[in-house]
Amino acid sequence: MSAVVVTGLGVTAPNGLGVQDYWEATLAGKSGIGRITRFDPSQYPARLAGEIPGFAAEEHLPSRLLPQTDRMTRLALVAADWALEDAGIRPQDLPDSSMGVVTASSSGGFEFGQGELQALWSRGSQYVSAYQSFAWFYAVNSGQISIRHGMKGPSSVVVSDQAGGLDAVAQARRQIRKGTAVVVSGAVDASICPWGWVAQLAAQRLTTRDEPAQAYLPFDAAADGYVPGEGGALLVLESEESARSRDARVYGEVAGYAATFDPAPGSGRPPGLRRAIELALADARMDADDIDVVFCDAAADPELDRIESEAITAVFGPYGVPVTAPKTMTGRLYSGAAPLDLATALLSLRDGVIPPTVHVTPAPEHTLDLVADRPRETGPRSALVLARGHGGFNSAAIVRASA
Amino acid sequence: MSTQQFTLDDLKRILIEGAGAEETVDLDGDILDADFEHLGYESLALLETGGRIEREYGITLDDDVLSEANTPRALIDAVNGQLQGGSQAAA
(Lines give C-alpha, C1' and ligand atoms only; values in the text may rest on other atoms or scores of the structure.)
Protein backbone atom coordinates (compact mmCIF):
# COMPACT_ATOMS: atom_id res chain seq x y z
CA MET A 1 0.00 0.00 0.00
CA SER A 2 1.28 3.41 -0.92
CA ALA A 3 2.64 5.60 1.85
CA VAL A 4 0.68 8.75 2.67
CA VAL A 5 2.93 11.72 3.32
CA VAL A 6 2.61 15.29 4.55
CA THR A 7 3.97 17.95 2.20
CA GLY A 8 2.48 21.15 3.57
CA LEU A 9 1.69 22.71 6.96
CA GLY A 10 -0.43 25.69 7.92
CA VAL A 11 -0.54 26.75 11.56
CA THR A 12 -2.69 29.24 13.48
CA ALA A 13 -1.85 28.98 17.17
CA PRO A 14 -2.09 31.19 20.25
CA ASN A 15 1.69 31.43 20.44
CA GLY A 16 2.37 31.85 16.74
CA LEU A 17 0.67 32.69 13.47
CA GLY A 18 2.24 30.70 10.66
CA VAL A 19 4.60 27.72 10.94
CA GLN A 20 7.76 29.70 11.54
CA ASP A 21 6.36 32.00 14.24
CA TYR A 22 4.76 29.05 15.99
CA TRP A 23 7.80 26.79 15.85
CA GLU A 24 10.18 29.48 17.10
CA ALA A 25 7.82 30.34 19.96
CA THR A 26 7.35 26.68 20.84
CA LEU A 27 11.06 25.92 20.97
CA ALA A 28 11.57 29.06 23.05
CA GLY A 29 8.89 27.92 25.52
CA LYS A 30 6.77 30.99 24.80
CA SER A 31 3.19 30.59 25.97
CA GLY A 32 0.12 32.13 24.34
CA ILE A 33 -2.08 31.65 27.40
CA GLY A 34 -3.47 34.73 29.14
CA ARG A 35 -6.59 36.35 30.51
CA ILE A 36 -9.38 36.42 27.93
CA THR A 37 -9.51 39.68 25.96
CA ARG A 38 -12.26 38.95 23.44
CA PHE A 39 -14.95 39.51 26.09
CA ASP A 40 -14.94 40.42 29.77
CA PRO A 41 -14.44 37.09 31.56
CA SER A 42 -14.68 38.45 35.10
CA GLN A 43 -18.13 36.99 35.78
CA TYR A 44 -17.11 33.45 34.76
CA PRO A 45 -15.35 30.86 36.95
CA ALA A 46 -12.61 30.32 34.30
CA ARG A 47 -10.87 33.34 32.84
CA LEU A 48 -7.77 32.13 31.00
CA ALA A 49 -7.50 31.03 27.38
CA GLY A 50 -5.05 30.63 24.55
CA GLU A 51 -6.18 33.39 22.18
CA ILE A 52 -4.59 34.05 18.81
CA PRO A 53 -3.44 37.67 18.84
CA GLY A 54 -3.11 39.87 15.81
CA PHE A 55 -5.19 37.90 13.32
CA ALA A 56 -6.90 40.33 10.94
CA ALA A 57 -8.97 38.22 8.55
CA GLU A 58 -9.40 41.09 6.07
CA GLU A 59 -5.65 41.07 5.47
CA HIS A 60 -5.84 37.50 4.24
CA LEU A 61 -9.31 36.87 2.81
CA PRO A 62 -11.55 38.54 0.22
CA SER A 63 -14.47 40.66 1.44
CA ARG A 64 -16.89 38.21 -0.16
CA LEU A 65 -15.99 35.63 2.50
CA LEU A 66 -16.11 37.82 5.60
CA PRO A 67 -19.88 38.23 6.08
CA GLN A 68 -20.38 34.47 5.78
CA THR A 69 -17.60 33.11 8.03
CA ASP A 70 -17.07 32.50 11.72
CA ARG A 71 -13.64 33.20 13.22
CA MET A 72 -12.76 29.49 13.16
CA THR A 73 -13.47 29.32 9.43
CA ARG A 74 -11.40 32.42 8.70
CA LEU A 75 -8.50 30.89 10.60
CA ALA A 76 -9.01 27.59 8.79
CA LEU A 77 -9.12 29.22 5.36
CA VAL A 78 -5.86 31.04 6.04
CA ALA A 79 -4.21 27.91 7.46
CA ALA A 80 -5.29 25.99 4.35
CA ASP A 81 -3.89 28.70 2.07
CA TRP A 82 -0.58 28.54 3.92
CA ALA A 83 -0.48 24.73 3.89
CA LEU A 84 -1.05 24.59 0.12
CA GLU A 85 1.53 27.27 -0.47
CA ASP A 86 3.97 25.40 1.77
CA ALA A 87 3.33 22.23 -0.23
CA GLY A 88 3.88 24.08 -3.48
CA ILE A 89 0.45 23.04 -4.74
CA ARG A 90 -1.58 25.26 -7.03
CA PRO A 91 -5.06 23.75 -6.87
CA GLN A 92 -6.10 25.41 -10.11
CA ASP A 93 -3.51 23.25 -11.91
CA LEU A 94 -5.02 19.95 -10.69
CA PRO A 95 -8.26 18.21 -11.63
CA ASP A 96 -11.10 19.23 -9.27
CA SER A 97 -11.99 15.67 -8.41
CA SER A 98 -8.42 14.72 -7.48
CA MET A 99 -8.43 16.95 -4.37
CA GLY A 100 -10.46 16.58 -1.17
CA VAL A 101 -10.85 18.24 2.21
CA VAL A 102 -11.37 16.36 5.50
CA THR A 103 -11.43 18.42 8.67
CA ALA A 104 -12.55 17.81 12.22
CA SER A 105 -14.71 20.09 14.30
CA SER A 106 -15.58 20.14 17.94
CA SER A 107 -18.19 22.84 18.28
CA GLY A 108 -18.77 24.67 15.00
CA GLY A 109 -18.92 28.43 14.58
CA PHE A 110 -20.13 29.56 17.99
CA GLU A 111 -19.28 33.24 17.72
CA PHE A 112 -21.20 33.63 14.46
CA GLY A 113 -24.10 31.69 15.94
CA GLN A 114 -24.11 33.82 19.06
CA GLY A 115 -24.40 36.98 16.95
CA GLU A 116 -27.34 35.55 15.01
CA LEU A 117 -29.10 34.36 18.17
CA GLN A 118 -28.69 37.83 19.63
CA ALA A 119 -30.18 39.31 16.45
CA LEU A 120 -33.06 36.84 16.63
CA TRP A 121 -34.10 37.56 20.20
CA SER A 122 -33.41 41.30 20.23
CA ARG A 123 -34.57 42.35 16.76
CA GLY A 124 -36.51 39.52 15.16
CA SER A 125 -36.13 36.66 12.73
CA GLN A 126 -35.72 38.89 9.67
CA TYR A 127 -32.42 40.08 11.15
CA VAL A 128 -30.87 36.61 11.13
CA SER A 129 -28.27 36.27 8.37
CA ALA A 130 -28.97 33.86 5.53
CA TYR A 131 -25.41 32.65 6.13
CA GLN A 132 -26.33 31.27 9.54
CA SER A 133 -27.68 28.33 7.52
CA PHE A 134 -24.10 27.08 7.27
CA ALA A 135 -21.66 29.44 9.00
CA TRP A 136 -22.03 27.69 12.37
CA PHE A 137 -22.00 24.18 10.92
CA TYR A 138 -19.48 21.49 11.83
CA ALA A 139 -18.68 20.84 8.16
CA VAL A 140 -18.26 24.49 7.22
CA ASN A 141 -14.47 24.54 7.28
CA SER A 142 -14.31 21.59 4.90
CA GLY A 143 -16.93 23.25 2.71
CA GLN A 144 -15.32 26.67 2.54
CA ILE A 145 -11.83 25.30 1.88
CA SER A 146 -13.29 23.06 -0.81
CA ILE A 147 -15.10 25.97 -2.49
CA ARG A 148 -12.16 28.36 -2.24
CA HIS A 149 -9.76 25.97 -3.97
CA GLY A 150 -12.15 24.07 -6.22
CA MET A 151 -11.50 20.80 -4.42
CA LYS A 152 -14.39 18.55 -5.41
CA GLY A 153 -12.99 15.15 -4.45
CA PRO A 154 -14.03 13.16 -1.36
CA SER A 155 -14.63 15.61 1.50
CA SER A 156 -16.14 15.34 4.95
CA VAL A 157 -16.01 16.37 8.59
CA VAL A 158 -15.32 14.25 11.67
CA VAL A 159 -16.82 15.19 15.02
CA SER A 160 -15.20 13.39 17.96
CA ASP A 161 -14.05 16.28 20.14
CA GLN A 162 -10.29 16.49 20.60
CA ALA A 163 -9.71 13.03 19.07
CA GLY A 164 -11.31 14.28 15.87
CA GLY A 165 -8.14 15.99 14.73
CA LEU A 166 -6.43 12.61 14.33
CA ASP A 167 -9.56 10.89 13.06
CA ALA A 168 -9.79 13.44 10.23
CA VAL A 169 -6.20 12.83 9.16
CA ALA A 170 -6.90 9.10 9.24
CA GLN A 171 -9.92 9.59 7.00
CA ALA A 172 -7.77 11.68 4.66
CA ARG A 173 -5.27 8.84 4.55
CA ARG A 174 -8.05 6.42 3.58
CA GLN A 175 -9.18 8.70 0.75
CA ILE A 176 -5.64 8.97 -0.58
CA ARG A 177 -5.25 5.20 -0.48
CA LYS A 178 -8.45 4.96 -2.50
CA GLY A 179 -6.98 7.22 -5.16
CA THR A 180 -7.50 10.88 -4.30
CA ALA A 181 -4.22 12.67 -5.06
CA VAL A 182 -4.28 15.50 -2.51
CA VAL A 183 -6.30 15.96 0.68
CA VAL A 184 -6.24 19.03 2.92
CA SER A 185 -6.82 17.74 6.45
CA GLY A 186 -6.58 18.70 10.10
CA ALA A 187 -8.72 21.11 12.08
CA VAL A 188 -9.12 24.58 13.46
CA ASP A 189 -11.51 25.29 16.31
CA ALA A 190 -12.25 28.69 17.86
CA SER A 191 -15.11 29.44 20.20
CA ILE A 192 -13.81 31.93 22.72
CA CYS A 193 -17.00 33.96 22.93
CA PRO A 194 -19.51 34.05 25.82
CA TRP A 195 -21.77 31.38 24.31
CA GLY A 196 -18.84 29.12 23.46
CA TRP A 197 -17.35 29.75 26.86
CA VAL A 198 -20.40 28.64 28.88
CA ALA A 199 -20.57 25.51 26.74
CA GLN A 200 -16.97 24.74 27.64
CA LEU A 201 -17.57 25.53 31.31
CA ALA A 202 -20.44 23.05 31.41
CA ALA A 203 -18.06 20.08 31.26
CA GLN A 204 -16.40 21.35 34.46
CA ARG A 205 -12.92 20.50 33.28
CA LEU A 206 -11.47 24.01 32.97
CA THR A 207 -9.02 25.32 35.53
CA THR A 208 -10.25 28.31 37.49
CA ARG A 209 -6.75 29.63 38.18
CA ASP A 210 -5.77 33.14 37.11
CA GLU A 211 -1.99 32.95 36.84
CA PRO A 212 -1.12 31.82 33.26
CA ALA A 213 2.10 30.07 34.30
CA GLN A 214 0.36 28.10 37.07
CA ALA A 215 -2.88 27.14 35.36
CA TYR A 216 -2.63 24.30 32.83
CA LEU A 217 -0.43 21.72 34.54
CA PRO A 218 -0.85 18.21 33.09
CA PHE A 219 0.82 15.43 35.15
CA ASP A 220 1.62 17.94 37.89
CA ALA A 221 0.46 17.30 41.46
CA ALA A 222 -1.35 20.64 41.15
CA ALA A 223 -3.27 19.66 37.97
CA ASP A 224 -6.86 20.88 38.34
CA GLY A 225 -8.16 21.30 34.81
CA TYR A 226 -7.08 22.70 31.47
CA VAL A 227 -7.00 26.04 29.73
CA PRO A 228 -8.84 26.04 26.40
CA GLY A 229 -7.45 27.72 23.32
CA GLU A 230 -8.29 28.52 19.72
CA GLY A 231 -6.57 27.58 16.49
CA GLY A 232 -5.07 24.44 15.06
CA ALA A 233 -3.33 23.27 11.93
CA LEU A 234 -4.12 22.11 8.43
CA LEU A 235 -1.91 19.65 6.62
CA VAL A 236 -1.55 18.77 2.96
CA LEU A 237 -1.49 15.00 2.57
CA GLU A 238 -0.76 13.11 -0.61
CA SER A 239 0.46 9.76 -1.78
CA GLU A 240 4.19 9.24 -1.79
CA GLU A 241 4.08 8.76 -5.57
CA SER A 242 2.29 12.05 -6.02
CA ALA A 243 4.80 13.86 -3.81
CA ARG A 244 7.78 12.28 -5.56
CA SER A 245 6.38 12.91 -9.03
CA ARG A 246 6.45 16.63 -8.38
CA ASP A 247 9.64 16.60 -6.32
CA ALA A 248 7.84 17.91 -3.27
CA ARG A 249 9.55 18.40 0.07
CA VAL A 250 8.19 15.69 2.39
CA TYR A 251 7.84 16.35 6.13
CA GLY A 252 7.10 12.74 6.91
CA GLU A 253 4.75 9.83 6.55
CA VAL A 254 1.50 9.20 8.42
CA ALA A 255 2.67 5.69 9.25
CA GLY A 256 0.08 4.45 11.73
CA TYR A 257 -3.29 5.21 13.23
CA ALA A 258 -5.90 3.65 15.47
CA ALA A 259 -8.95 4.72 17.43
CA THR A 260 -10.68 3.05 20.36
CA PHE A 261 -13.59 3.88 22.60
CA ASP A 262 -13.59 3.70 26.38
CA PRO A 263 -15.93 1.19 28.02
CA ALA A 264 -18.99 2.44 29.84
CA PRO A 265 -18.31 3.70 33.36
CA GLY A 266 -18.58 0.88 35.88
CA SER A 267 -17.98 -1.88 33.34
CA GLY A 268 -14.73 -2.83 35.06
CA ARG A 269 -12.97 -3.03 31.69
CA PRO A 270 -9.80 -0.97 31.17
CA PRO A 271 -9.69 2.40 29.40
CA GLY A 272 -9.06 2.24 25.65
CA LEU A 273 -6.00 4.47 25.29
CA ARG A 274 -3.36 1.78 25.68
CA ARG A 275 -5.05 -0.33 23.05
CA ALA A 276 -5.18 2.65 20.66
CA ILE A 277 -1.41 3.02 21.03
CA GLU A 278 -0.80 -0.69 20.46
CA LEU A 279 -3.09 -0.78 17.43
CA ALA A 280 -1.42 2.29 15.92
CA LEU A 281 1.99 0.64 16.37
CA ALA A 282 0.67 -2.50 14.70
CA ASP A 283 -0.80 -0.44 11.86
CA ALA A 284 2.62 1.18 11.34
CA ARG A 285 4.37 -2.21 11.70
CA MET A 286 6.52 -0.65 14.41
CA ASP A 287 7.48 -1.62 17.95
CA ALA A 288 7.47 0.61 20.98
CA ASP A 289 11.26 0.81 20.64
CA ASP A 290 10.84 2.47 17.25
CA ILE A 291 9.06 5.50 18.71
CA ASP A 292 11.34 8.43 19.56
CA VAL A 293 8.87 10.82 21.19
CA VAL A 294 5.25 10.89 22.39
CA PHE A 295 3.11 14.01 22.03
CA CYS A 296 0.60 13.34 24.76
CA ASP A 297 -3.02 14.40 25.17
CA ALA A 298 -2.31 16.12 28.51
CA ALA A 299 -5.82 16.56 29.91
CA ALA A 300 -4.60 18.06 33.22
CA ASP A 301 -7.37 16.18 35.01
CA PRO A 302 -5.88 13.93 37.73
CA GLU A 303 -7.82 10.83 36.65
CA LEU A 304 -7.27 11.36 32.91
CA ASP A 305 -3.60 12.12 33.50
CA ARG A 306 -3.27 8.88 35.45
CA ILE A 307 -4.90 6.90 32.63
CA GLU A 308 -2.60 8.49 30.07
CA SER A 309 0.64 8.03 31.99
CA GLU A 310 -0.30 4.43 32.80
CA ALA A 311 -0.99 3.70 29.13
CA ILE A 312 2.31 5.25 28.03
CA THR A 313 4.21 3.43 30.78
CA ALA A 314 2.51 0.13 29.96
CA VAL A 315 3.65 0.32 26.34
CA PHE A 316 7.05 1.98 26.68
CA GLY A 317 8.06 1.15 30.26
CA PRO A 318 8.70 3.63 33.09
CA TYR A 319 10.57 6.66 31.74
CA GLY A 320 10.86 4.62 28.52
CA VAL A 321 10.32 7.33 25.90
CA PRO A 322 10.53 11.13 25.85
CA VAL A 323 7.06 12.63 26.34
CA THR A 324 6.06 16.20 25.62
CA ALA A 325 3.01 18.46 25.68
CA PRO A 326 3.72 21.68 23.79
CA LYS A 327 0.01 22.37 24.15
CA THR A 328 0.91 23.67 27.62
CA MET A 329 1.81 26.81 25.61
CA THR A 330 -1.44 27.02 23.61
CA GLY A 331 -4.12 25.49 25.81
CA ARG A 332 -6.27 22.65 24.55
CA LEU A 333 -7.51 23.52 21.07
CA TYR A 334 -10.22 20.85 20.86
CA SER A 335 -10.23 19.42 17.32
CA GLY A 336 -7.34 21.74 16.41
CA ALA A 337 -5.03 20.30 19.08
CA ALA A 338 -3.97 17.02 17.52
CA PRO A 339 -3.33 18.38 14.00
CA LEU A 340 -1.17 21.06 15.64
CA ASP A 341 0.64 18.28 17.54
CA LEU A 342 1.09 16.38 14.25
CA ALA A 343 2.52 19.50 12.62
CA THR A 344 4.78 20.02 15.65
CA ALA A 345 5.90 16.39 15.54
CA LEU A 346 6.79 16.73 11.85
CA LEU A 347 8.81 19.87 12.59
CA SER A 348 10.54 17.90 15.36
CA LEU A 349 11.52 15.24 12.83
CA ARG A 350 12.70 17.91 10.41
CA ASP A 351 14.90 19.71 12.93
CA GLY A 352 15.85 16.83 15.21
CA VAL A 353 14.55 18.50 18.34
CA ILE A 354 11.73 17.78 20.80
CA PRO A 355 9.90 20.92 21.96
CA PRO A 356 9.29 21.35 25.68
CA THR A 357 6.37 21.11 28.07
CA VAL A 358 6.25 24.32 30.09
CA HIS A 359 5.49 25.08 33.74
CA VAL A 360 5.00 21.41 34.71
CA THR A 361 6.73 19.47 37.49
CA PRO A 362 5.53 15.88 37.05
CA ALA A 363 4.15 14.21 40.14
CA PRO A 364 6.17 11.12 41.19
CA GLU A 365 3.38 8.68 40.34
CA HIS A 366 3.70 9.64 36.67
CA THR A 367 6.75 7.68 35.58
CA LEU A 368 7.15 9.76 32.42
CA ASP A 369 10.33 11.12 30.88
CA LEU A 370 8.74 14.53 30.39
CA VAL A 371 10.67 16.98 28.21
CA ALA A 372 10.23 19.90 30.57
CA ASP A 373 11.30 23.54 30.35
CA ARG A 374 13.63 23.38 27.35
CA PRO A 375 13.90 21.53 24.03
CA ARG A 376 15.84 18.29 23.76
CA GLU A 377 17.97 17.64 20.69
CA THR A 378 17.68 13.88 20.31
CA GLY A 379 17.19 13.68 16.54
CA PRO A 380 13.78 11.96 16.62
CA ARG A 381 12.80 9.98 13.50
CA SER A 382 9.30 9.01 14.59
CA ALA A 383 6.59 10.39 16.86
CA LEU A 384 3.40 9.10 18.43
CA VAL A 385 0.60 11.64 18.84
CA LEU A 386 -2.26 10.95 21.28
CA ALA A 387 -5.63 12.64 21.49
CA ARG A 388 -8.70 11.98 23.58
CA GLY A 389 -12.17 13.36 23.11
CA HIS A 390 -14.78 14.06 25.76
CA GLY A 391 -16.99 11.02 26.24
CA GLY A 392 -14.48 8.24 25.61
CA PHE A 393 -12.74 8.80 22.28
CA ASN A 394 -9.09 7.70 22.07
CA SER A 395 -6.98 8.17 18.96
CA ALA A 396 -3.31 7.58 18.25
CA ALA A 397 -1.30 8.46 15.16
CA ILE A 398 2.33 7.83 14.24
CA VAL A 399 4.39 10.02 11.93
CA ARG A 400 7.84 9.04 10.79
CA ALA A 401 10.58 10.66 8.77
CA SER A 402 10.62 9.44 5.19
CA ALA A 403 13.47 7.09 4.34
CA MET B 1 -47.57 56.36 -0.10
CA SER B 2 -43.82 56.32 0.05
CA THR B 3 -41.91 58.53 -2.31
CA GLN B 4 -38.64 56.78 -1.47
CA GLN B 5 -36.57 55.60 -4.42
CA PHE B 6 -34.37 52.55 -4.36
CA THR B 7 -31.29 53.30 -6.43
CA LEU B 8 -28.30 51.40 -7.78
CA ASP B 9 -26.16 53.02 -5.07
CA ASP B 10 -28.52 51.66 -2.40
CA LEU B 11 -28.27 48.20 -3.91
CA LYS B 12 -24.48 48.34 -4.08
CA ARG B 13 -24.23 49.44 -0.47
CA ILE B 14 -26.50 46.63 0.70
CA LEU B 15 -24.73 44.02 -1.43
CA ILE B 16 -21.36 45.00 0.04
CA GLU B 17 -22.69 45.11 3.62
CA GLY B 18 -24.42 41.76 3.34
CA ALA B 19 -22.18 39.77 1.07
CA GLY B 20 -18.98 41.70 0.30
CA ALA B 21 -17.68 42.19 -3.22
CA GLU B 22 -15.82 39.91 -5.58
CA GLU B 23 -12.28 41.21 -6.04
CA THR B 24 -12.36 40.76 -9.81
CA VAL B 25 -15.64 42.68 -10.23
CA ASP B 26 -15.94 46.48 -10.46
CA LEU B 27 -19.32 47.32 -8.93
CA ASP B 28 -18.83 50.94 -9.99
CA GLY B 29 -18.79 49.91 -13.62
CA ASP B 30 -21.80 49.47 -15.86
CA ILE B 31 -23.49 46.66 -13.96
CA LEU B 32 -27.22 47.46 -14.25
CA ASP B 33 -27.81 44.66 -16.76
CA ALA B 34 -25.07 42.29 -15.63
CA ASP B 35 -26.10 38.90 -14.28
CA PHE B 36 -25.81 38.69 -10.50
CA GLU B 37 -23.99 35.42 -11.02
CA HIS B 38 -21.35 37.19 -13.13
CA LEU B 39 -21.03 39.77 -10.38
CA GLY B 40 -20.19 36.95 -7.95
CA TYR B 41 -23.50 36.73 -6.08
CA GLU B 42 -25.08 33.30 -5.84
CA SER B 43 -28.62 32.62 -4.64
CA LEU B 44 -27.72 32.74 -0.95
CA ALA B 45 -26.06 36.15 -1.32
CA LEU B 46 -29.25 37.38 -3.03
CA LEU B 47 -31.38 35.91 -0.24
CA GLU B 48 -29.28 37.83 2.29
CA THR B 49 -29.50 40.96 0.13
CA GLY B 50 -33.28 40.62 -0.22
CA GLY B 51 -33.65 40.22 3.54
CA ARG B 52 -31.65 43.36 4.16
CA ILE B 53 -33.68 45.36 1.63
CA GLU B 54 -36.92 44.14 3.21
CA ARG B 55 -36.01 45.16 6.73
CA GLU B 56 -34.43 48.48 5.75
CA TYR B 57 -37.33 49.59 3.54
CA GLY B 58 -40.17 47.90 5.39
CA ILE B 59 -41.36 45.93 2.39
CA THR B 60 -41.90 42.29 1.58
CA LEU B 61 -40.45 40.77 -1.55
CA ASP B 62 -41.98 37.61 -2.94
CA ASP B 63 -39.60 34.66 -3.10
CA ASP B 64 -39.92 34.58 -6.88
CA VAL B 65 -38.84 38.23 -7.15
CA LEU B 66 -35.44 37.23 -5.80
CA SER B 67 -35.15 34.15 -7.96
CA GLU B 68 -36.37 35.89 -11.12
CA ALA B 69 -34.56 39.21 -10.80
CA ASN B 70 -31.26 38.17 -12.35
CA THR B 71 -29.82 41.65 -12.75
CA PRO B 72 -29.51 44.79 -10.63
CA ARG B 73 -31.98 46.59 -12.94
CA ALA B 74 -34.62 43.92 -12.45
CA LEU B 75 -34.19 43.86 -8.68
CA ILE B 76 -34.21 47.67 -8.40
CA ASP B 77 -37.41 47.81 -10.48
CA ALA B 78 -39.04 45.17 -8.29
CA VAL B 79 -38.11 47.01 -5.10
CA ASN B 80 -39.36 50.33 -6.46
CA GLY B 81 -42.58 48.65 -7.54
CA GLN B 82 -43.13 47.71 -3.90
CA LEU B 83 -42.10 51.10 -2.57
CA GLN B 84 -44.47 52.96 -4.88
CA GLY B 85 -47.70 51.48 -3.66
CA GLY B 86 -47.20 47.85 -4.55
CA SER B 87 -50.08 45.74 -3.36
CA GLN B 88 -47.96 44.32 -0.54
CA ALA B 89 -46.62 47.63 0.78
CA ALA B 90 -45.76 47.48 4.44
CA ALA B 91 -48.29 48.83 6.85
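All chains are named by letter (A, B, ...) in the order of the sequence lines, taking the proteins before the strands, and each is independently numbered beginning at 1. Keep in mind that what you see is a predicted model, and the values were worked out from it rather than measured.
- One distance of note links CZ of A:Arg64 with CD1 of B:Ile16; it measures 11.5 Å at 0.5 Å rounding.
- Contact annotation for A:Tyr127: both backbone and side-chain heavy atoms come within less than 4.5 Å of a heavy atom of chain B.
- Within a 6.0 Å radius of CD in B:Glu56, other residues, nucleotides and ligands contribute more than 12 heavy atoms.
- Heavy-atom pairs under 4.5 Å with chain A peak, among B:Gly20, B:Ala19, B:Gly51, at B:Ala19.
- Remark: A:Arg249 CZ is packed, more than 12 non-hydrogen atoms of other residues, nucleotides or ligands lying under 6.0 Å away.
- Looking at every heavy atom in both residues, A:Pro67 comes nearest to B:Gly18 through CB-O, 3.3 Å.
- Looking at A:Gln126, both its backbone and its side chain come within 4.5 Å of chain B, counting heavy atoms on both sides.
- Under a cut-off of 6.0 angstrom, the local environment of CG in B:Asp33 is crowded, with over 12 non-hydrogen atoms contributed by other residues, nucleotides or ligands.
- By number of non-hydrogen pairs under 4.5 angstrom with chain A, the leading residue of B:Arg55, B:Arg52, B:Glu54, B:Glu17 is B:Arg55.
- Counting heavy-atom neighbours within 6.0 Å of B:Asp30 CG, excluding the residue itself, gives a total of 12 or less.
- Looking at heavy atoms from C-beta onward, B:Glu22 lies out of side-chain contact with A:Pro62 at the 4.5 angstrom threshold.
- Other residues, nucleotides and ligands contribute over 12 non-hydrogen atoms within 6.0 Å of the NZ atom of B:Lys12.
- A distance of 5.0 Å separates CG of B:Leu44 from OG of A:Ser133, quoted to the nearest 0.5 Å.
- Looking at B:Glu23, only its side chain comes within 4.5 Å of chain A, counting heavy atoms on both sides.
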